[in-house]
Amino acid sequence: VNNSVQKRKLEKENLKYKITLENMVVKRTEQLEIANKKLETNMIKTMMAMVNALEASDKYTRGHSERVTSLSLMIGEKMNLDFKDMKNLQVGAVLHDIGKIGIYHNILNKPTKLNDEEFFAIRQHPIIGYNIIKPIEFDQSVFDIVLQHHEFIDGTGYPNKLKGYQLNLLSKIVSVADTYDAITSDRPYRKGNTKVHAINEISKGIDIQFDREV
């Protein structure tokens with residue numbers, strides 16, 4: 001009887017310990033999730049600060065990345081992207097032009113047509129951007145957005161002349177949003193055009209520059 005009582009006592013203690021341990025795991029998991037969300041939020045804010053620093057000195061591109069991000073997310077919603085893709089789309093769109101940090105200011109703000117050497121330099125910004133963010137543990141689609149947002153469906157874009165089937169869907173979305181904002185915004189060499197004109201120009205580029213579905 002004593003042995004049975006002792007065994008039952010140990011079983012109850014083990015059960016209590018197991019419940020306590022499970023509760024601790026749940027609590028720690030919740031704390032970790034909260035910490036990860038804070039870390040992610042702070043990371044995005046830090047990236048936005050970097051982009052804002054890049055755009056602050058140029059009245060023509062100020063707010064460009066924020067607008068492109070907003071447009072990209074609206075397209076993503078229309079295409080019923082899942083939560084993971086929407087999150088990666090947001091981060092990639094925010095960072096898509098980060099490589100322009102490595103381009104001379106006089107080239108970015110030149111009020112006249114770029115010469116061949118300057119045009120070559122500006123075409124390097126996706127590669128520069130990719131190299132800047134490469135040490136960070138992003139999803140591959142974020143790297144793809146930064147590297148591919150100036151590639152064309154027909155393979156005539158830059159920097160790697162990739163064709164449509166080789167391109168990440170999220171980079172195709174940012175490409176459309178980026179072009180729309182570029183057409184409707186003022187630039188050093190021209191005034192911004194109308195929304196209708198931007199839509200018409202993008203429509204002309206379907207299956208050439210832009211993905212038909214996007």
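In what follows, residues are counted from 1 in the order of the sequence shown.
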**Message:** Going by the rule side-chain hydrogen bond (donor to acceptor under 3.5 Å, both in side chains), which residues pair with Gln148 if we only count those two or more places apart in sequence or in a different chain?
**Reply:** Ser171
**Asked** Taking only residues two or more places apart in sequence, or in another chain, which ones meet Lys191 in a side-chain hydrogen bond (donor to acceptor under 3.5 Å, both in side chains)?
**Response** Asp186
Counterpart residues, salt bridge (Lys or Arg N to Asp or Glu O under 4.0 Å), relative to [X] (two or more places apart):
| X | answer |
| --- | --- |
| Glu118 | Lys110 |
| Lys204 | Glu201 |
| Asp178 | none |

State, yes or no, whether a side-chain contact exists between [X] and [Y] at a heavy-atom distance under 4.5 Å.
| X | Y | result |
| --- | --- | --- |
| Thr179 | Ile202 | yes |
| Leu95 | Ile132 | no |
| Gln140 | Asn168 | no |

**Prompt:** Which pairs count as salt bridge (charged side-chain N to carboxylate O under 4.0 Å, His left out) when at least one residue sits in residues 19-32, sequence neighbours excluded?
**Reply:** none
**Prompt:** Can you list every ring pair (Phe, Tyr, Trp, His ring centres under 6.0 Å) pair that touches residues 4-53, not counting sequence neighbours?
**Reply:** none
[X]: which residues meet the side chain to side chain contact (heavy atoms under 4.5 Å, CB included) condition with it, sequence neighbours left out?
| X | result |
| --- | --- |
| Glu213 | Met79, Asp211 |
| Lys161 | none |
| Thr156 | Phe152, Asp154 |
| Glu11 | Lys7, Arg8 |

Has [X] got a side-chain atom pairing as donor or acceptor with [Y]'s backbone, closer than 3.5 angstrom?
| X | Y | result |
| --- | --- | --- |
| His96 | Gly92 | no |
| Gln124 | Ala121 | no |
| Asn160 | Leu162 | no |

**Asked** What are the two closest heavy atoms between Asn131 and Pro135, and how far apart are they?
**Response** O-CD, 3.7 Å
Show me the donor-acceptor pairs, under 3.5 Å and distance only, between side chains in residues 83-91 and residues at least two apart or in other chains.
residue : atom : partner : partner atom : Å
Lys87   : NZ   : Glu40   : OE1          : 3.4
Asn88   : ND2  : Lys84   : O            : 3.3
Asn88   : ND2  : Ser141  : OG           : 3.4

**Message:** Check the orientation of His125 and His150. Use parallel for under 30°, tilted for 30 to 60°, and perpendicular for over 60°.
**Reply:** perpendicular
